[in-house]
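A, B, ... follow the sequence lines: proteins, then strands. Residue 1 opens every chain.
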Protein chains: 2
Amino acid sequence: MITTVRRRARATAGPTARGDGAGATVGLGMLAELIGYHVRLAQMAVFADFERALGALSLSPGLFGLLVIVEANPGLRQTQLADAARLDRSTLVPALDKLESRDLVERRAAPDDRRSNGLFLTAQGATLLAQAKRAVRAHEKRIAAELGEGDRATLIELLDRLAPGGRRP
Amino acid sequence: MITTVRRRARATAGPTARGDGAGATVGLGMLAELIGYHVRLAQMAVFADFERALGALSLSPGLFGLLVIVEANPGLRQTQLADAARLDRSTLVPALDKLESRDLVERRAAPDDRRSNGLFLTAQGATLLAQAKRAVRAHEKRIAAELGEGDRATLIELLDRLAPGGRRP
DNA sequence: GCCATATTGTTTGACATCAAACGATCCGCG
DNA sequence: CGCGGATCGTTTGATGTCAAACAATATGGC
């Protein structure tokens, strides 16, 4: 059996005159047998729902993750946050700029190291994050509903076996 | 139990004088309970291995996927390829430019529609793809070894439940 | 046949991301 | 002390991605 992808539905017109046979589907070759392919599709679907859940708050999944980690670790340094969020520290700079310009996070000069900034949620940041968490919990419930509790745990366990502890040399 | 991420190992120096307590780990808050988080980590790990496998051929996972789909569907139109690969058709343009400049893929004017191009692998493209497929099969074997055959099937089944058919409105 | 509407590939602009390089600062070793 | 190497946050450049807008072309209703 060959796995396929349905063509994008035509908005109005009927099927176009084309020369490549019946052409109702496009074969994916060996792609459909690759774990990475299925992981990517799942990632896209989950993130799309995630973004939909947070859209009203103008928060992306990435920014939400940063807020969560900062809340859990007040005073965190930027490099530590980058490591925890699996981002390059240069990637973090514009993200924090955005959060700071929206008064959600504050960079405070570290008392013991003039190169470093300590990161803190502002009151406004804490308020928005509380709302965002509610939306995310709803999102997670929606996702988990596709699985059931047992399969959800199984999935996470299997996924973690692919991402070994998060080693980075 | 709180899930954590180890701090980046210091290269040489001992622990820096810091004011935030023992600080051996950074908590992730509710992140570790989200399926999307685990999917993302798995995605990163799998793709890193994928890239390592293909690096010698100067092929990214994305370009490899395009070659596989074109090989399986000679004469495919760009929009169809974009749909099958889950890319925007504007994203495809520079990717095909790259593949064409390397003489791996050819854009041929479609006989029945002067707006469209039919896509074909060149002989060189077919040769390189054959090599790439071998590398990818080795990669897949490596990944699957973390799971075992039964768990691999389970994982794919669960992931597919998260990505419902690939609907796109 | 004509014309409004769609579709195709492309261009352009906005982001997110990584990697390399930089100045400022810190630290250990002599 | 002072100096060399390491680390911090930042800047800059290269990619990869989407979305909106565009000209050329095709389609279908009239």
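- The base of D:dG9 lies outside donor-acceptor range of the side chain of A:R115, with no N or O pair under 3.5 Å.
- Atom CG of B:L59 is separated from atom C1' of D:dG16 by 16 Å (rounded to the nearest Å).
- When the P atom of C:dC26 is taken as reference, atom CG of A:D112 falls 9 Å away, rounded to whole Å.
- Atom-to-atom, CG of B:D113 to P of D:dT27 comes out at 6 Å; the value is rounded to the nearest Å.
- In terms of phosphate contacts, A:Q80 brings no side-chain nitrogen or oxygen within less than 4.0 Å of OP1 or OP2 of D:dC8.
- Residue B:R107 places at least one side-chain N or O closer than 4.0 Å to OP1 or OP2 of C:dT10.
- Between the CZ atom of A:F47 and the C1' atom of D:dC18 there is a distance of 16 Å, given to the nearest Å.
- The nearest heavy atom of DNA chain C to A:L63 and to B:D97 marks one nucleotide each, and the one closer to the 5' end goes with B:D97.
- Using a 4.0 Å heavy-atom criterion, one finds that B:T91 contacts the bases of the nucleic acid, with or without backbone contacts as well.
- Phosphate contact (OP1/OP2 of C:dC15, side-chain N/O of A:K98, threshold under 4.0 Å): absent.
- No donor-acceptor distance shorter than 3.5 angstrom exists from the side chain of A:Q131 to the backbone of A:L57, with no hydrogens or angles considered.
- Rounded to whole Å, atom P of D:dT10 lies 11 Å from atom CZ of A:R89.
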Margin query: Between B:V105 and B:L121, does the side-chain contact (heavy atoms from CB on, under 4.5 Å) criterion hold? Intermediate values first, please.
Written below: CA-CA 4 Å; B:V105 162; B:L121 244 49; 3.9 Å; yes
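- Side-chain atoms of A:Q80 never come within 3.5 Å of backbone atoms of B:V26 as a donor-acceptor pair (strictly under, hydrogens ignored).
- Note: CG (B:D88) to C1' (D:dA20) measures 10 Å, nearest angstrom.
- Sequence order on DNA chain D of the closest nucleotides to A:R40 and A:G118 puts A:G118 first from the 5' end.
- Atom CD of A:Q78 is separated from atom C1' of C:dT25 by 15 Å (rounded to the nearest Å).
- Of the candidates D:dG9, C:dT8, C:dT17, the closest approach to any side-chain atom of A:R77 belongs to D:dG9.
- Atom CD of A:E100 and atom P of D:dT10 are 8 Å apart (whole Å).
- Put simply, A:L41 and B:F47 are part of two different groups of oily side chains (I, L, V, M, F, W, Y) that touch within less than 4.5 Å, one to the next.
- Positionally, the nearest nucleotide of DNA chain D for A:V93 lies more toward the 5' end than for the other of A:V93 and A:M44.
- Residue B:R114 has a polar side-chain atom (N or O) positioned under 4.0 Å from OP1 or OP2 of D:dA26.
- Nearer the 5' end of DNA chain C, as judged by each residue's closest nucleotide, is the contact made by A:S60, out of A:S90 and A:S60.
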Next item on the list: Go through the steps for A:E140 and A:R137 under the test salt bridge (Lys or Arg N to Asp or Glu O under 4.0 Å), then give the verdict.
Entry: CA-CA 5 Å; A:E140 183 70 9; A:R137 273 190 275 267; over 6 Å; no
